Amino acid sequence: SGLRFEILNAFVDGGMAGLSRAELAVWLALYRDTKPDVTARASLADLARRGGMDRQTAARAVGRLERRKMLKRLSRGGLNRGPSVYQVFPYPMG
């Protein structure tokens with residue numbers, strides 16, 4: 001649990017600069033969902049609902065976070081496949 005605060009501190013200190021509100025909301029929702037195996041599972045609809053945005057905005061935010069290397073999508077979810085699976089990083093993982 002101490003490591004969770006270190007990661008959150010790293011995000012606040014170096015990762016969140018320049019992120020949009022949607023990107024912040026998506027990152028925080030996924031970070032909150034991160035399990036001990038360092039993965040988070042969520043659908044775009046769920047991210048959109050929790051972030052107070054539409055699904056397309058959530059999809060764009062996920063894409064921008066991936067391009068910034070703050071998220072890595074390990075598997076793409078969909079109908080009959082369940083939610084997407086992500087790794088979440090506190091700052092760009094160059």
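Predicted, not measured: the structure shown is a model, and the values here were computed from it.
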Would Arg73 and Glu66 pass as an ion pair if we require N to O under 4.0 Å? yes
Hey, any chance Ile7 and Val38 share a hydrophobic cluster, counting ILVMFWY side chains that come within less than 4.5 Å of each other, even indirectly?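 Each belongs to a different hydrophobic cluster.
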Flag yes if Met16 and Leu71 sit in one hydrophobic cluster, no otherwise; membership is Ile, Leu, Val, Met, Phe, Trp, Tyr, and two members link when side-chain heavy atoms are under 4.5 Å apart.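 Same cluster: Met16 reaches Leu71 through Ile, Leu, Val, Met, Phe, Trp or Tyr contacts under 4.5 Å.
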N/O donor-acceptor pair under 3.5 Å between [X] side chain and [Y] backbone:
X: Arg76; Y: Pro83; result: no
X: Ser84; Y: Gly77; result: yes
X: Trp27; Y: Ala22; result: no
X: Thr39; Y: Lys35; result: no

With a distance cut-off below 6.0 Å to the six-membered ring centre and an angular limit of 45° from the axis, does Arg4 pair with Tyr31 as a cation-pi contact?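 Judged by the rule (NZ or CZ under 6.0 Å from the ring centre, within 45° of its axis), Arg4 counts as positioned above Tyr31.
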Between Tyr86 and Val26, is a side-chain contact (heavy atoms from CB on, under 4.5 Å) present by the stated rule, with each step listed? CA-CA 11 Å; Tyr86 302 92; Val26 165; over 6 Å; no
If you round to the nearest 0.5 Å, how far is CG of Leu30 from CD of Gln87?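 The CG atom of Leu30 is 12.0 Å from CD of Gln87, to the nearest 0.5 Å.
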State the OG1-CZ distance between Thr57 and Arg21, to the nearest 0.5 angstrom. 9.5 Å
Holding to salt bridge (charged side-chain N to carboxylate O under 4.0 Å, His left out), I want the full list of residues that pass it with Arg64, two or more places apart in sequence or in another chain. Glu23
Check Ala40 against Val88 and note the closest heavy-atom contact, atom names and distance. CB-CG2, 4.4 Å
What is the minimum heavy-atom distance between Asp33 and Arg41, and which atoms define it? OD2-O, 4.0 Å
Using the rule given for side-chain contact (heavy atoms from CB on, under 4.5 Å), can you reason through Leu28 versus Arg50, listing the C-alpha separation, both sets of side-chain angles and the distance that settles it, and then say yes or no? CA-CA 10 Å; Leu28 287 168; Arg50 291 193 285 162; over 6 Å; no
Show the numbers, then the answer: is there a side-chain contact (heavy atoms from CB on, under 4.5 Å) between Met70 and Leu19? CA-CA 11 Å; Met70 294 181 74; Leu19 296 181; 4.1 Å; yes
Do the non-hydrogen side-chain atoms of Lys72 and Phe89 ever get within less than 4.5 Å of each other?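 Result yes, sub-4.5 Å side-chain heavy-atom pair found.
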Using a distance-only test with no angle check, is there a side-chain donor-acceptor pair under 3.5 angstrom linking Ser43 and Asp46? no
